[in-house]
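This report refers to the structure that appears directly beneath it.
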Number of protein chains: 2
Amino acid sequence: MLKGHLDAIVLAALEAGPAHGYAIIEAIKRNSTNTFDLAEGTVYPALHRLEAAGLLSSAWMTPPGGRRRRLYSLTKAGSTALSDRRKAWGRFSQAVDALLGGGHAWPA
Amino acid sequence: MLKGHLDAIVLAALEAGPAHGYAIIEAIKRNSTNTFDLAEGTVYPALHRLEAAGLLSSAWMTPPGGRRRRLYSLTKAGSTALSDRRKAWGRFSQAVDALLGGGHAWPA
DNA sequence: TTCCATACTTAGCCTTACTAGGTATGGACG
DNA sequence: CGTCCATACCTAGTAAGGCTAAGTATGGAA
């Protein structure tokens, strides 16, 4: 369903500040008005992949009277990557718009 | 690179009228200002798949003094599918925009 | 006659993300 | 106290998607 843009979305979700996996899933769902209701099996492996790539770092956190969570943060490389991904998305969506629009500009 | 939107793009390319594979590739390249310079190995299998799904029909054509070409046309089901794909793309790109925008509207 | 652009085809692979299962804990409710 | 639910995390296996890379063939130009 996401096909190639998951990384950008996850990185963007962490731009506002560190967060844990479950919260990221809910933020993505909320901010996309339910368009992206991602399975945990989609997001967790992505987080692991992004961390392995050095774009995220993580640390265990246990809030008082709360449960153990893994907090993810954007690394410097992650910020750079996000910026690149944003540009790539801009080019991509513009090109698809141009191709699908085909002259008769589909409704705004 | 295209990730899930190839079909929409190919169908859209045929909306203006029948065309053959090679011409479709060039039209996509041109109309996306070189953003999508698709390999033949990307487009031809897509055409076969879309035809097998009943969204396209094809016929061999040999223009006078020219080479044998397979002309593809949108079927009725293809038109319907294209319309659906356009709506799906609209929802998808809007949601990604919302997630990547993150308040500070990335440069136009 | 050699080379290039056109034109079509396909097997195999790699990345990506989804399915489907599992583990564990805190809080609510009876 | 026991049960259930929401939270929170993890992973093996698989399917889908599209790209790589290779092959075939012909018309026209050099």
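In what follows, chains are A, B, ... by sequence order, proteins preceding strands, each numbered from 1. Side chains are part of it too, since the values below use all heavy atoms of this structure and drop only hydrogens, waters and symmetry mates.
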Distance-minimising heavy-atom pair for A:L6 and A:R49: CD1-NH2, 4.4 Å

Side chain of A:Y72 - closest among D:dC9, C:dC8, D:dC10: D:dC10

Which nucleotide in C:dC8, D:dC10, C:dT16 has an atom nearest any side-chain atom of B:K3: C:dT16

Spacing of A:I25 atom CD1 relative to C:dC18 atom P, expressed in whole Å: 11 Å

Closest nucleotide among D:dT20, D:dG18, D:dT11 to the A:Y44 side chain: D:dT11

Earlier contact from the 5' end, DNA chain C, for A:D7 and A:G66: A:D7

Atom-pair distance (CH2 on B:W60; C1' on C:dA7), nearest Å: 8 Å

Spacing between B:H48 atom NE2 and D:dG18 atom C1', to the nearest angstrom: 15 Å

Reported CG-to-CG distance for the pair A:L55 and A:L47, which is rounded to 0.5 angstrom: 11.5 Å

Nucleotide D:dC19, atom C1' - distance to CG of B:L38 in whole Å: 10 Å

B:R49 CZ to D:dA16 P, straight-line distance once rounded to whole Å: 11 Å

Nearest listed nucleotide, side chain of A:E40, among D:dC10, C:dC8, D:dT20: D:dC10

Donor + acceptor pair across side chains of A:S58, A:R70 (<3.5 Å): yes

Residues A:L50, A:Y72; criterion side-chain contact (heavy atoms from CB on, under 4.5 Å); working and verdict: CA-CA 10 Å; A:L50 291 169; A:Y72 287 93; over 6 Å; no

Touch class at under 4.0 angstrom, heavy-atom based, for B:G41 against every strand present: base

Any B:H5 side-chain N or O less than 4.0 Å from OP1/OP2 of D:dG18: no

Minimum-distance nucleotide (side-chain atoms of B:A39 versus D:dT20, C:dT9, D:dC10): D:dT20

Closest listed nucleotide, where the reference is the side chain of B:R70 and the choices are C:dT10, C:dT9, D:dC9: C:dT9

Least distance between heavy atoms, A:G78 atom then A:L11 atom: O-CD1, 4.2 Å

Short side-chain N/O contact to D:dA8 OP1/OP2 from A:R68, under 4.0 Å: no

For atom CZ of B:R69 and atom P of C:dA5, their distance in whole Å: 17 Å

Closest to side chain of A:T42, choosing from C:dA17, D:dA8, C:dT9: C:dA17

Interatomic distance, B:H20 NE2 vs C:dA5 C1' [rounded to whole Å]: 12 Å

Distance in angstrom units between B:F92 CZ and D:dG17 C1', rounded: 14 Å

A:L6 side-chain proximity, nearest of D:dG18, C:dA17, C:dC8: C:dA17

